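In what follows, a single structure is set out as structure tokens and then discussed.
Quick caveat, the model's predicted, so the values are computed rather than measured. Proteins get letters first, then strands, A, B, ... in listed order; numbering begins at 1 in each.
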There are 2 protein chains.
Amino acid sequence: MKFIFINKKPMQSFAQKYITLAKIFIFYRNFSIFLSVLFSANLVPQVKKYTLRDIAKELNISASTASRALHDNPRISALVRRQVKELAKSMDYQPDFRAMSLRRGSGRTIGVLLPQVDRYFFASVLRGIDEISTEEGYNVLICQSYESLQKEEDLARSLLNGRIDGLLASVSIETRVGPHFEQYVSKGLPLVFFDRALDYLKVSKVVLDDYKGAYQAVQHLIDSGCRRIAHFAGPGHIEIYANRAGGYIDALTKNGIQVDPELIFSGVITQEAGCRAMKRLMEMGVKFDAIFSSGDYSALGAMVCAQQNGIDIPRDLSIIGFSNEPFGALIQPTLSSIDQHALEMGRQAATLLISEINLKNKNQTVFPRKIILDPQLVIRNSTR
Amino acid sequence: MKFIFINKKPMQSFAQKYITLAKIFIFYRNFSIFLSVLFSANLVPQVKKYTLRDIAKELNISASTASRALHDNPRISALVRRQVKELAKSMDYQPDFRAMSLRRGSGRTIGVLLPQVDRYFFASVLRGIDEISTEEGYNVLICQSYESLQKEEDLARSLLNGRIDGLLASVSIETRVGPHFEQYVSKGLPLVFFDRALDYLKVSKVVLDDYKGAYQAVQHLIDSGCRRIAHFAGPGHIEIYANRAGGYIDALTKNGIQVDPELIFSGVITQEAGCRAMKRLMEMGVKFDAIFSSGDYSALGAMVCAQQNGIDIPRDLSIIGFSNEPFGALIQPTLSSIDQHALEMGRQAATLLISEINLKNKNQTVFPRKIILDPQLVIRNSTR
DNA sequence: GTGAAAGCGCTAACAG
DNA sequence: CTGTTAGCGCTTTCAC
């Protein structure tokens with residue numbers, strides 16, 4: 001560990017500070033070099049944070065008038081309105097969100113609870129949500145469960161504390177039941193699931209038609225001449241994975257191909273798991289000419305493993321994934337997959353949630369709805 | 001567009017509702033089929049949201065006692081503390097964040113303003129931030145500028161409205177000056193930049209040693225025998241890209257290789273731009289045996305373009321990127337790159353910000369610091 | 001048109 | 001140990 005002083009001036013007066021600094025540095029990982037630049041201390045005069053009262057006092061009006069003026073209340077004279085707005089701008093007045101939200105009972109904020117944003121699918125959904133929320137003047141509060149039920153419960157509960165007007169959620173891989181979500185229903189807070197939904201809860205959902213996507217994928221494999229099609233399934237208790245398995249089974253049977261349980265592997269959604277499943281397939285010595293995987297990552301694992309064993313894709317083996325992650329277009333061969341319209345899913349979910357919030361605010365009954373998006377088969381070079 | 005009714009019961013009573021529903025559907029894109037399921041109306045009795053006063057009344061104590069009990073104030077008797085906590089739990093009491101934050105003057109919330117989360121680098125930084133913030137009991141408010149200065153300004157200003165105790169920011173590609181950030185300084189709100197920082201602002205920063213990373217990358221190319229090394233530079237006004245270009249130039253000169261301006265392309269950070277630059281290189285008819293790109297996406301564009309033109313990588317041409325995006329390990333050949341320690345950058349930035357918030361709360365002077373992380377050369381198969 | 005006053009839910013000073 | 005009171009900054013009756 002190394003410290004470099006850039007500041008050329010004698011540091012005498014800063015010595016004390018620096019000791020604290022050095023202590024803090026001890027926490028840092030040793031793969032990094034820390035170059036600590038001690039700028040001149042920030043002695044900018046602390047500007048007061050202005051409130052409505054400050055504006056009011058300045059103009060010799062009351063706070064309520066100032067408030068009304070800023071909100072373009074027609075009962076306030078045009079002159080006062082202009083004065084207030086101008087002063088507010090020149091003072092760089094920022095209304096206190098908390099006070100406003102507390103008083104009004106709503107802060108125009110929606111919560112988003114999802115497993116993690118560092119997956120392209122979820123990041124895209126988020127973008128769709130962001131788009132609509134911004135249009136509608138809503139703020140978005142994002143929480144990541146990192147696939148942990150414990151964290152999900154904590155977050156769901158703490159989001160309940162008055163900060164949000166409604167919740168968009170996609171459950172963690174560990175979640176099977178959702179008492180922490182039922183609270184939203186019983187407190188009358190709109191809740192909309194997207195993608196990974198809890199089937200039994202009577203709330204709105206926006207999901208992909210996973211069954212159809214799987215069916216199309218498998219039909220595509222069959223059409224291109226495959227007959228012995230293996231399936232990498234996800235955890236069975238999550239609806240979307242169950243539906244993908246259902247589509248797989250139905251596509252086979254409808255085409256007069258018998259379902260071979262030996263060819264179905266459960267809980268395979270990571271690259272490593274995909275690789276392991278591929279190895280097992282080869283060791284078993286069974287015949288197979290295609291894999292339909294519930295996810296792109298496990299498809300990738302299988303593909304890499306197959307290639308390492310001299311299997312040519314798609315000549316000897318066709319592989320199709322699910323999700324259409326961007327890397328699918330970059331690998332060799334490019335990966336066929338099912339696109340989930342993530343952006344649109346986010347837009348729909350946000351639109352639905354906001355409409356439910358509006359209904360609720362008008363004291364109208366909210367009827368849970370289910371919006372099912374149509375999957376899109378993306379054929380690339382990993383299938384024939 | 002198609003509607004399918006799953007509900008088998010006569011829909012008479014829902015007809016009116018359905019008209020509204022149908023109208024909403026008009027907004028939906030036509031690539032999707034919407035399957036609208038009308039569940040039975042949600043008639044769960046609306047549970048009241050409990051306040052401290054409800055708890056207090058129930059136990060015949062005052063609200064302040066209840067508040068103190070929940071906060072484990074030692075002045076409250078153990079008995080009362082237990083009673084309050086138990087009742088709170090059984091009523092599923094959730095403190096109102098807004099009221100607490102308003103009264104206390106702090107809601108233990110930090111804001112994060114970044115270009116977009118649907119890039120792995122930023123998502124990873126976010127994860128690091130999330131980790132530390134959670135540990136320290138802070139909430140995180142995420143805002144995306146989508147590389148738009150306008151949006152960045154709006155967000156920076158609206159974040160100023162009392163909701164946050166400090167801001168972590170990475171500026172948009174359009175940002176050259178930051179009056180919207182200077183406000184934080186003048187209002188005494190801690191501000192820490194990460195990765196894309198505004199150089200002239202005297203605030204804390206956590207960045208990668210881009211110069212060093214670039215130098216190492218180019219040195220690696222030289223060591224492996226390359227002499228005519230092209231550079232895809234980013235927008236010059238952003239410090240990190242300028243530093244990468246600096247490292248490139250210095251590595252060449254220190255090794256006695258003359259810098260050829262013809263081999264330097266500016267503003268090349270997307271896949272398309274990388275492809276265009278590659279084409280131009282080939283058309284120019286100049287000799288070149290390597291490319292050092294400021295980003296992985298532009299490196300990818302060059303690689304694909306080169307391969308399409310029968311250039312073998314790394315035999316005929318070495319390519320090295322910057323960022324170590326995950327796709328680099330998946331493409332053929334795998335892409336050499338510079339890892340930016342995104343997760344660690346997030347951790348450091350959050351740690352630094354929180355320490356500044358604490359200092360400020362103790363009315364101590366905050367000295368801006370600059371933490372420079374050490375880059376890591378990741379050698380894969382796109383270089384020799 | 002505008003102001004005074006009350007209060008959203010919580011906490012902190014001041015009493016006792 | 002606990003209650004009373006005041007007030008964070010805003011909006012919203014209810015007056016005039």
Side-chain angles (χ1 to χ4, degrees), chain A residues 48-85 87-88 91-109 139 158-165 187 361, chain B residues 48-85 87-88 91-109 139 158-165 187 361:
Chain A
K48 191 190 177 303
K49 231 169 65 184
Y50 294 109
T51 72
L52 264 188
R53 285 244 278 281
D54 298 319
I55 295 184
K57 216 173 284 171
E58 189 80 22
L59 293 171
N60 278 319
I61 54 173
S62 74
S64 27
T65 304
S67 166
R68 282 188 273 247
L70 284 177
H71 288 287
D72 265 326
N73 187 317
R75 293 191 332 197
I76 303 295
S77 72
L79 174 70
V80 174
R81 263 193 269 175
R82 222 195 38 242
Q83 286 179 323
V84 170
K85 283 185 184 172
L87 185 58
M91 290 165 92
D92 198 58
Y93 164 77
Q94 292 292 137
D96 191 308
F97 192 83
R98 301 162 297 182
M100 204 176 105
S101 165
L102 184 60
R103 180 62 238 250
R104 291 228 266 226
S106 156
R108 287 188 85 78
T109 300
N139 301 296
S158 88
L159 275 172
L160 216 49
N161 56 14
R163 274 180 299 182
I164 61 169
D165 301 310
K187 300 220 171 178
N361 288 345
Chain B
K48 190 191 178 303
K49 231 169 67 184
Y50 293 109
T51 74
L52 265 188
R53 284 244 277 284
D54 297 321
I55 295 185
K57 214 172 286 171
E58 189 81 22
L59 293 170
N60 277 320
I61 56 175
S62 75
S64 32
T65 304
S67 167
R68 285 188 272 250
L70 284 176
H71 288 287
D72 264 325
N73 186 316
R75 293 189 333 197
I76 302 295
S77 74
L79 174 70
V80 174
R81 264 193 269 174
R82 221 195 38 241
Q83 286 179 325
V84 170
K85 284 186 185 170
L87 184 58
M91 289 164 93
D92 198 58
Y93 164 76
Q94 292 293 136
D96 191 307
F97 192 84
R98 302 163 298 181
M100 206 173 107
S101 166
L102 184 61
R103 181 63 237 248
R104 292 227 266 223
S106 156
R108 288 187 85 77
T109 300
N139 302 296
S158 87
L159 275 172
L160 216 49
N161 57 12
R163 274 181 297 182
I164 61 170
D165 300 308
K187 302 220 170 177
N361 288 345

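- Residues meeting the side chain to side chain donor-acceptor pair (under 3.5 Å) test with B/S158, sequence neighbours left out: none.
- Partners of B/N73 by side chain to side chain donor-acceptor pair (under 3.5 Å), not counting sequence neighbours: none found.
- Across the protein-nucleic acid pair, B/N73 atom CG and D/dC1 atom C1' stand 10 Å apart, rounded to whole Å.
- For the pair A/Q94 and B/L160, the tightest heavy-atom approach, listed with the atom from each and the gap, is CG-CB, 4.2 Å.
- B/Y93 and B/T51 get closest at one heavy-atom pair: CE1-C, 3.7 Å.
- Between B/A66 and B/I55, the shortest heavy-atom contact is CB-CG2, 4.5 Å.
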### Query
Which letters describe nucleotides 11-16 of chain D, given B = protein heavy atom under 4.0 Å from base, S = only from sugar-phosphate, - = neither?
BBBB--
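- Note: CG (A/D54) to P (D/dG9) measures 9 Å, nearest angstrom.
- For A/K85, the side chain to side chain donor-acceptor pair (under 3.5 Å) partners two or more places apart in sequence, or in a different chain, are A/D72.
- For the helix from C/dG1-D/dC16 to C/dG16-D/dC1, the rotation axes defined at the first and last 5 base pairs enclose an angle of 40°, given to the nearest 10°.
- Scanning for side chain to side chain donor-acceptor pair (under 3.5 Å) contacts around A/R108 gives an empty result, with sequence neighbours left out.
- The nearest whole Å value for the distance from the CD1 atom in B/I61 to the P atom in D/dT4 is 12 Å.
- Between the CZ atom of A/R53 and the C1' atom of C/dA4 there is a distance of 12 Å, given to the nearest Å.
- Between the CZ atom of B/R98 and the C1' atom of D/dC10 there is a distance of 12 Å, rounded to whole Å.
- When the P atom of D/dT2 is taken as reference, atom CG of B/L59 falls 11 Å away, rounded to whole Å.
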